[in-house]
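Lettering follows sequence order; numbering is per chain, from 1. What you see below is based on every heavy atom in this structure, not just the backbone, and it leaves out hydrogens, waters and symmetry mates.
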Amino acid sequence: MTEAPIRFYQVGSFAVGNRLLPLEVRTVQAESDRSNAITSGHRACQGCGEALGARYALDAAMAATKGQMFAVNATGCLEVFSTPYPETSWRLPWLHSLFGNAPAVATGVAAALKAQGRDDIRVVAQGGDGGTVDIGFACLSGMFERNDDVLYICYDNEGYMNTGVQRSGATPPAARTMTTQAVGDDPGNVFGQGKDVPRIAMAHEIPYVATATVADLHDLEAKATKAMSMRGARYLHVLVPCPLGWGSESSATLAVARGATQSGLFPVFEAEGGEVTGVTPIRRQVPVEDYLSMQKRFAHLFSPRRRDDVIARVQAQADKNIRRYGLLEES
Amino acid sequence: MPVQIEGSQAVAAAVAACRPQVIGAYPISPQTHIVETLSRLVKSGELPGCEYVNVESEFAAMSVCIGASATGARSYTATASQGLLYMVEAVYNASGLGLPIVMTVANRAIGAPINIWNDHSDAMSQRDSGWLQLYAETNQEAADLHVQAFRIAEALSLPVMVCMDGFILTHAVEQVELPTLEQVEAFLPPFQPRQVLDVDDPVSIGAMVGPEAFTEVRYLAHDRQVQALDLIPQVALEYAAITGREAGGLVRPYRLDDAETAVIALGSALGTIKDVVDERRERGERIGVLGITSFRPFPLEAVRHALAGVMRFVVVEKAFSAGIGGIVDSHVRMAFRGHTVPPNYTVIAGLGGRPILKRSLHAMLEEAMADRLAPLTFLDLNHDLVDAELARQRADVRSGPMAENLLRDLGTVRSAPH
Ligand SMILES: Cc1ncc(C[n+]2csc(CCOP(=O)(O)OP(=O)(O)O)c2C)c(N)n1
Ligand code: SF4
């Protein structure tokens with residue numbers, strides 16, 4: 001990674017607070033005159049990872065572009081909680097069209113800017129995992145394949161949260177959702193399905209692909225900033241826990257996100273032109289069980305009967321990620 | 001100067017003269033030649049300042065136009081049939097957002113059974129989408145309507161569909177006078193968007209609206225269509241003043257002044273119908289034609305005025321609403337609201353590219369003028385064929401796929417029944 005990772009960890013939590021850092025490495029959010037892409041007063045649930053992720057990613061992108069930026073938004077929680085008529089939380093030009101077409105709408109915006117000779121204004125498109133990996137996937141792939149000058153940010157809360165917590169192509173195996181209920185011999189979502197869109201994005205050989213979580217907001221900001229320094233199609237996949245859908249404590253959003261990365265279930269890396277160029281190593285691997293047990297969507301793995309078999313399969317996935325990205329090699 | 005040119009190329013040239021800045025392109029017959037020609041015009045530099053985006057679906061084509069239009073760029077796409085249906089969600093969105101996109105629909109039937117030939121089922125399915133819909137009678141009119149469409153769309157901040165009959169117009173080579181750049185420049189002011197993404201004046205476009213204002217939004221959508229009833233004829237007049245050509249407007253009466261019987265239709269069928277009417281006029285029959293150019297907004301008043309003196313009317317339509325019948329006819333009857341509706345007949349003709357023959361029209365008119373025509377008639381319907389299929393269905397619950405059965409009966413397919 002070009003950005004030197006901040007190697008200062010608060011004991012126990014791994015968290016890095018702005019106030020513990022020297023001025024020059026504090027986050028965009030620490031600046032009093034930050035751009036404030038999405039204001040407070042929106043209607044997200046308490047502890048919503050998506051609201052947090054969107055604010056940090058967009059504020060960083062706004063700062064990187066000096067406010068010369070448009071946002072295109074897919075249908076989903078983010079759009080619904082931020083624009084209830086007659087209010088809007090967006091302090092930048094913002095366009096919502098449909099659930100499945102944000103990448104193509106962003107292509108249209110980018111094409112229009114190009115035709116108008118305005119290369120100073122940049123485009124960011126954003127959507128949930130449903131809008132990105134499922135219904136909008138053809139448009140996303142088309143946008144990648146043409147290498148349109150758009151940064152697409154997927155806020156992955158691993159389900160269709162806006163319609164009341166149903167399964168998406170990014171829902172992890174064994175997770176309980178309203179359409180993968182915790183009943184039967186194999187409760188929750190099945191194994192062996194789902195899409196790894198960051199890797200599919202890499203297969204398009206676009207200039208930049210990165211993953212991030214709200215557990216490391218410095219890293220998220222750095223990646224949004226870096227993405228905006230590049231041209232062409234760029235993809236940022238951000239894990240954003242959803243207290244409502246995951247059944248986690250509102251106060252535990254960052255801890256849950258950290259559990260996903262430190263267990264190896266959500267590898268944090270970046271890639272350029274289809275090649276992995278950097279990974280964020282795991283500082284201390286935590287068993288997936290610690291992560292799963294923080295969330296009610298996995299409660300059926302622990303009671304009434306412990307499902308060590310299922311937990312072992314999830315652990316195997318985490319271990320595979322760790323091997324694939326070399327997450328434990330350095331640090 | 002008139003040129004010999006294919007309909008699609010004439011439309012592409014007219015669109016190019018309007019200087020669109022973004023084109024979303026996805027192929028489907030019989031629209032393909034339009035986007036192919038535009039691709040060449042952009043690549044060769046004849047259409048400068050335009051981004052031609054090859055997209056992965058019609059849904060994306062309309063989405064690209066939505067993004068581009070909201071960014072203040074004049075945007076265009078073209079489609080037909082399944083393509084139009086595939087983009088429907090975005091079609092409604094474009095009008096809901098008030099984006100003045102212009103789209104050509106090279107009218108084609110909708111499957112199943114798959115059929116690439118002309119009828120109006122595709123565009124008619126979008127009659128409630130909030131788009132304006134203008135139907136071209138000839139290739140000359142198709143070219144002229146596109147220039148007018150951009151003007152109307154941008155004045156009202158509403159998208160406009162220009163409908164032209166697939167193959168019959170798109171693939172016909174005939175003499176067309178192309179609108180020149182100078183004429184278009186004099187007629188079409190630069191696009192000034194009503195709402196636009198702007199870093200100096202940020203707006204949220206496409207916010208969520210609940211019950212407290214949704215009805216009002218819809219009311220305003222209707223009101224803008226009603227405003228188009230004044231604008232469309234006015235634009236046609238201005239266009240005529242600059243080019244010397246009459247095109248567009250709401251309706252187009254032909255030999256209707258003293259007519260007792262009126263035939264009503266949209267699009268290219270009007271040519272054949274006018275021929276038939278001329279022949280009957282020669283025999284002294286008082287018969288005329290009403291062409292409807294603007295299907296959305298539907299010009300209720302203009303239609304009633306045009307039909308004021310008739311004793312009966314026949315609507316020849318290339319689409320229908322299964323389970324009730326004529327679409328256009330129901331509109332025309334609505335035009336008589338509060339007045340006595342004269343006897344009227346719906347004739348479904350030309351579906352899936354079936355030719356509308358002069359002799360069939362003559363026979364149909366003879367029946368109508370004797371007031372013997374069935375209220376809903378499928379022109380040239382092969383009764384033996386449908387009766388055989390109906391009998392088969394009555395006899396056997398697993399009578400097999402309908403279309404394949406019909407083809408077998410016709411001898412087109414030889415395989416034995418299942
Ligand atoms: C074509 C279409 N199908 C379904 C919906 C209903 N819908 C709205 S948001 C949504 C789920 C959004 O999920 P995701 O993209 O993961 O975003 P989240 O709300 O979880 O942030 C669905 C299914 C829709 N708006 N459009
Ligand atoms: S449901 Fe989940 S994603 Fe949606 S606002 Fe609530 S916490 Fe955020």
Side-chain angles (χ1 to χ4, degrees), chain A residues 37 62 65-73 75 79-118 120-123 125 135-143 145-146 148 150, chain B residues 19-24 26 42 48-75 77 87 89-90 92-94 96-97 99 101 193 195-214 216-217:
Chain A
M62 284 279 275
T65 57
K66 301 196 168 49
Q68 303 296 295
M69 188 180 109
F70 297 164
V72 172
N73 210 119
T75 308
E79 160 254 347
V80 169
F81 72 59
S82 64
T83 66
Y85 173 87
E87 289 149 9
T88 177
S89 304
W90 301 98
R91 302 277 292 270
L92 77 168
W94 180 93
L95 172 64
H96 164 259
S97 171
L98 292 167
F99 187 24
N101 71 354
V105 171
T107 292
V109 172
L113 290 170
K114 197 168 169 201
Q116 293 163 349
R118 285 151 59 186
D120 52 325
I121 297 174
R122 312 298 304 282
V123 190
I135 198 168
F137 186 65
C139 287
L140 185 70
S141 176
M143 190 272 265
E145 159 248 322
R146 290 183 301 267
D148 295 324
V150 174
Chain B
R19 291 278 180 261
Q21 290 165 293
V22 174
I23 295 173
Y26 197 80
V42 174
C50 179
E51 288 298 311
Y52 184 93
V53 190
N54 279 304
V55 290
E56 65 283 356
S57 73
E58 288 85 357
F59 177 62
M62 183 48 61
S63 305
V64 164
C65 287
I66 287 170
S69 191
T71 311
R74 188 170 284 163
S75 313
T77 188
M87 67 165 67
E89 200 193 356
Y92 274 70
N93 209 247
L97 293 174
L99 299 172
I101 298 159
Q195 49 166 7
V196 68
L197 298 174
D198 179 357
V199 285
D200 297 325
D201 180 19
V203 284
S204 296
I205 301 177
M208 183 170 173
V209 175
E212 65 284 359
F214 196 76
E216 287 68 20
V217 173

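- We find the CG-OH distance between Leu98(A) and Tyr92(B) to be 13.0 Å, quoted to the nearest 0.5 Å.
- Taking CG of Asn101(A) as the reference point, atom CD of Glu89(B) lies at 7.0 Å (rounded to 0.5 Å).
- Separating the CG atom in Leu92(A) from the OG atom in Ser204(B) is a distance of 8.0 Å, to the nearest 0.5 Å.
- Heavy atoms closer than 4.5 Å to chain A are found in the backbone of Val203(B), but not in its side chain.
- If you measure heavy-atom distances from Leu95(A) to chain B, the contacts under 4.5 Å come from both the backbone and the side chain.
- Using a distance-only test at 3.5 Å, with no hydrogens or angles considered, a donor-acceptor pair links the side chain of Asn93(B) to the main chain of Ser97(A).
- Not counting sequence neighbours, the partners of Ser141(A) by the side chain to side chain donor-acceptor pair (under 3.5 Å) test are His204(A).
- For the set Ala73(B), Ser63(B), Ala68(B), the count of heavy-atom pairs under 4.5 angstrom toward chain A peaks at Ser63(B).
- When side chains are defined from C-beta on, Gln116(A) counts as touching Thr71(B), because their heavy atoms get closer than 4.5 Å.
- With Arg146(A) contributing its side chain and Val53(B) its backbone, the two residues share no donor-acceptor pair below 3.5 Å.
- Screening residues 98-107 of chain A for salt bridge (Lys or Arg N to Asp or Glu O under 4.0 Å), with sequence neighbours left out, gives no hits.
- Pairs passing the salt bridge (Lys or Arg N to Asp or Glu O under 4.0 Å) check and including a residue from residues 98-114 of chain A, sequence neighbours excluded, read Lys114(A)-Glu51(B).
- Counting all heavy atoms, side chain and backbone alike, Gly142(A) lies closest to Glu56(B) at CA-OE1, 3.4 Å.
- Inter-residue side-chain proximity for Ile121(A) and Val199(B) is flagged as met; some heavy-atom pair is nearer than 4.5 Å.
- Using a 4.5 Å cut-off between heavy atoms, Gln68(A) touches chain B through backbone and side chain atoms alike.
- Proximity to chain B (any heavy atom under 4.5 Å) is shown, for Ala111(A), by both the backbone and the side chain.
- Within the 4.5 angstrom heavy-atom criterion, atoms from both the backbone and the side chain of Leu197(B) approach chain A.
- Within residues 81-91 of chain A, the residues that have a heavy atom under 4.5 Å from a heavy atom of chain B are Thr83(A), Pro84(A), Tyr85(A), Thr88(A), Trp90(A), Arg91(A), listed by number.
- If you measure heavy-atom distances from Val80(A) to chain B, the contacts under 4.5 Å come from both the backbone and the side chain.
- For Cys139(A) against Phe59(B), the heavy-atom pair with the smallest separation is SG-CD2, 3.9 Å.
- Asp201(B) does not touch chain A: none of its heavy atoms, backbone or side chain, sits under 4.5 Å away.
- For Gln21(B) against Ala115(A), the heavy-atom pair with the smallest separation is O-CB, 3.4 Å.
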